[in-house]
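Step one of this worksheet: look at the structure below.
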Amino acid sequence: MATSSIAPPIAMSASGGSIQIYEHGAHLTSWIPADSAPVIWMSSMARFEPGIAIRGGVPIIFPWFGAGRSGDLMPAHGFARTQSWTLHEQSTTGQDAVVSFTLHGSASDDANFPYAFAARYEVRLGSALHLTLTVENTGSLPFTFEEALHTYFSIGDVRQIHIEGLHDCRYLDQADPHGLIVKEQQGAVRFTGETDRIYRSSGQVRIVDPILKRTLTIDKEHSASTVVWNPWIDKAKTMSDFGDDEWPSMVCIEGGNLRESAVFLEAGQRHDMRYSVHVEPIG
Ligand code: BG6
């Protein structure tokens, strides 16, 4: 029988700070470092219901991004963010808190991804936040998947931040009304309108925030794509779970493997993607 609510979140704290995470989508909705303001952004209009993705936090995108490489898959961004994951491990030792979840799929579960897999997601809170998404092919057929950790960051004002680390990187501009055109980033990324870009980048990215007076540094491993997203004014108005005036206070910097960087796994193979964030005060 379908339930009308999702399980309450798991809250953990250690000397490094505190986190909150739902089994629904294994969705992290809060990270407050011990010596800093909240880092993760949540929409005031987010819905916490079965079958719906939570707006804000860190949605897990798997096994396809958007409508997938074929352009016609549903639900948007894959099924992992709307399924209930199974709590696997939960422990706290001094500065560190660790929680992990698993999600298993079989060949008959989803016609758009008819493969057996085991996914594991670990969230480790220490002086930084460390996220690891592992996908294993547990079936007999090879498969290809896309993945992303769609992190929403809380910022002072998107019009005043800039993003370092993407200079010279090629990107697909998903917000260009003329169509999907490959462009090349010159200098830092600054925001003057709707921004929705898939960068080909595996390197470090920094969000420099002069209002909150901090730099958020994102490091990745085994992630060839970085998505930068802010919906701006008009798109924010089209999303029922996103407040009309909330767009200046957030930016998404997603670590993933998308489009031509999708991951191919033979039967029995495994892929780990790591994404970490640390906070440094400015001045
Ligand atoms: C981003 C995409 O990753 O997610 C955007 O690049 C999309 O195109 C955004 O609008 C939000 O997606 P959703 O499905 O959570 O509304």
Response to the item:
Hits for side-chain contact (heavy atoms from CB on, under 4.5 Å) against Thr86, two or more places apart or cross-chain, chain-then-number order -> Thr102

Worksheet item: Same hydrophobic cluster for Ile61 and Val205, using side-chain heavy-atom links shorter than 4.5 Å among ILVMFWY?
Response: no

Discussion item. Test your reading of the model: is there a side-chain donor-acceptor pair from Glu194 to the backbone of Ile233, 3.5 Å cut-off?
Written reply: no

Practice prompt. Mind checking the OG1-CD spacing from Thr226 to Gln204? Nearest 0.5 Å is all I need.
Written response: 11.0 Å

Discussion item. Going by the rule side-chain hydrogen bond (donor to acceptor under 3.5 Å, both in side chains), which residues pair with Gln95 if we only count those two or more places apart in sequence or in a different chain?
Written reply: none

Worksheet item: If you round to the nearest 0.5 Å, how far is CD of Gln83 from CD of Glu23?
Response: 13.5 Å

Worksheet entry | Shortest non-hydrogen contact between Ser18 and Ser13, atoms and distance | CB-CB, 3.8 Å

Practice prompt. Measure the spacing between CG of Leu180 and CZ of Arg259 and express it to the nearest 0.5 Å.
Written response: 6.0 Å

Discussion item. Could you tell me if the side chain of Ile19 sits less than 4.5 Å from the side chain of Val99, heavy atoms only?
Written reply: yes

Worksheet item: Is a side-chain N or O of Lys220 found less than 3.5 angstrom from the main chain of Ser225, in a donor-acceptor match?
Response: yes

Item to complete: Walk me through it: do Lys183 and Asp176 pass the test salt bridge (charged side-chain N to carboxylate O under 4.0 Å, His left out)?
Response: CA-CA 11 Å; Lys183 301 179 182 174; Asp176 191 325; 2.8 Å; yes

Worksheet entry | Ile161: which of Leu212, Val189, Val251, Val208 passes side-chain contact (heavy atoms from CB on, under 4.5 Å) | Val251

Item to complete: List in chain and number order the residues that pass salt bridge (charged side-chain N to carboxylate O under 4.0 Å, His left out) with Lys213, two or more places apart in sequence or in another chain; answer none if no residue qualifies.
Response: none

Practice prompt. Write down the atom of Gly56, the atom of Pro59, and the distance for their closest heavy-atom approach.
Written response: O-CD, 3.5 Å

Worksheet item: Which pair of heavy atoms, one from His162 and one from Ala188, lies closest together, and at what distance?
Response: CD2-CB, 3.8 Å

Practice prompt. Mind checking the CG-CZ spacing from Leu131 to Arg124? Nearest 0.5 Å is all I need.
Written response: 11.5 Å

Discussion item. Has Ser240 got a side-chain atom pairing as donor or acceptor with Thr238's backbone, closer than 3.5 angstrom?
Written reply: no

Discussion item. Quick one, Glu147 and His222 - any side-chain contact, counting heavy atoms below 4.5 Å?
Written reply: no

Worksheet item: When you look at Val182 and Arg200, which way does the side chain to side chain contact (heavy atoms under 4.5 Å, CB included) test go after all the steps?
Response: CA-CA 10 Å; Val182 178; Arg200 208 186 256 216; over 6 Å; no

Item to complete: Over 60° means perpendicular and under 30° means parallel, so classify the ring planes of Phe113 and Phe62, tilted if in between.
Response: perpendicular

Worksheet entry | Near-ring test Phe143/Phe117, centroid separation under 6.0 angstrom | no

Worksheet item: Taking Asn230 for the side chain and Met250 for the main chain, is one N or O donor matched with an acceptor at less than 3.5 Å?
Response: yes

Practice prompt. Say whether, by atom type as modelled, one donor and one acceptor occur between the side chain of Asp96 and the main chain of Ala14 under 3.5 angstrom.
Written response: no

Fill in: Any residue meeting side-chain contact (heavy atoms from CB on, under 4.5 Å) with Asp110, in chain and number order, not counting sequence neighbours
Trp64, Phe79, Asn112

Fill in: Any donor-acceptor pair under 3.5 Å from Asn137 side chain to Leu265 backbone
yes

Worksheet item: Is it true that a side-chain atom of Asp209 and a backbone atom of Gly156 form a donor plus acceptor pair closer than 3.5 Å?
Response: yes

Worksheet item: Does His24 reach the main-chain N or O of Ser5 with its side chain, forming a donor-acceptor pair under 3.5 Å?
Response: no

Fill in: Separation between OH of Tyr275 and CG of Asp219, rounded to the nearest 0.5 Å
10.0 Å

Worksheet entry | Thr29 and Gln20: side chain donor to acceptor below 3.5 Å | yes

Fill in: Any donor-acceptor N/O pair, Gln185 side chain to Tyr171 backbone, under 3.5 Å
no

Worksheet item: Do Gln269 and Glu136 come close enough that some side-chain heavy atom pair is under 4.5 Å?
Response: no

Response to the item:
Taken in chain and number order and not counting sequence neighbours, the residues that satisfy ring-ring contact (aromatic ring centres under 6.0 Å, His included) with Trp41 are Tyr152, Phe242

Practice prompt. Please state whether the rings of Trp232 and Trp247 are parallel, tilted or perpendicular, taking 30° and 60° as the class boundaries.
Written response: tilted

Worksheet item: Taking side chain as C-beta onward, heavy atoms only, is Tyr199 less than 4.5 Å from Ile163?
Response: no

Practice prompt. Over all heavy atoms of both residues, which pair between Arg214 and Ser154 is shortest? Give the atoms and the distance, please.
Written response: NH2-O, 3.1 Å

Discussion item. Please tell me whether Val228 and Val58 are part of a single hydrophobic cluster in this structure, the criterion being side-chain heavy atoms less than 4.5 Å apart.
Written reply: yes

Response to the item:
With sequence neighbours left out, the residues meeting ring-ring contact (aromatic ring centres under 6.0 Å, His included) with His77 are Phe65, His150

Worksheet item: Would Val263 and Val135 satisfy side chain to side chain contact (heavy atoms under 4.5 Å, CB included), going step by step from the backbone distance to the final call?
Response: CA-CA 10 Å; Val263 180; Val135 176; over 6 Å; no

Worksheet entry | Trace of the side chain to side chain contact (heavy atoms under 4.5 Å, CB included) decision for Leu129 with Leu28 | CA-CA 11 Å; Leu129 182 74; Leu28 185 79; 3.8 Å; yes

Worksheet item: Can you check whether Phe101's main-chain N or O pairs, donor with acceptor, with His88's side chain at less than 3.5 Å?
Response: no

Worksheet item: For the atom pair NE2 (His278) and OG1 (Thr217), what is the distance rounded to the nearest 0.5 Å?
Response: 4.0 Å

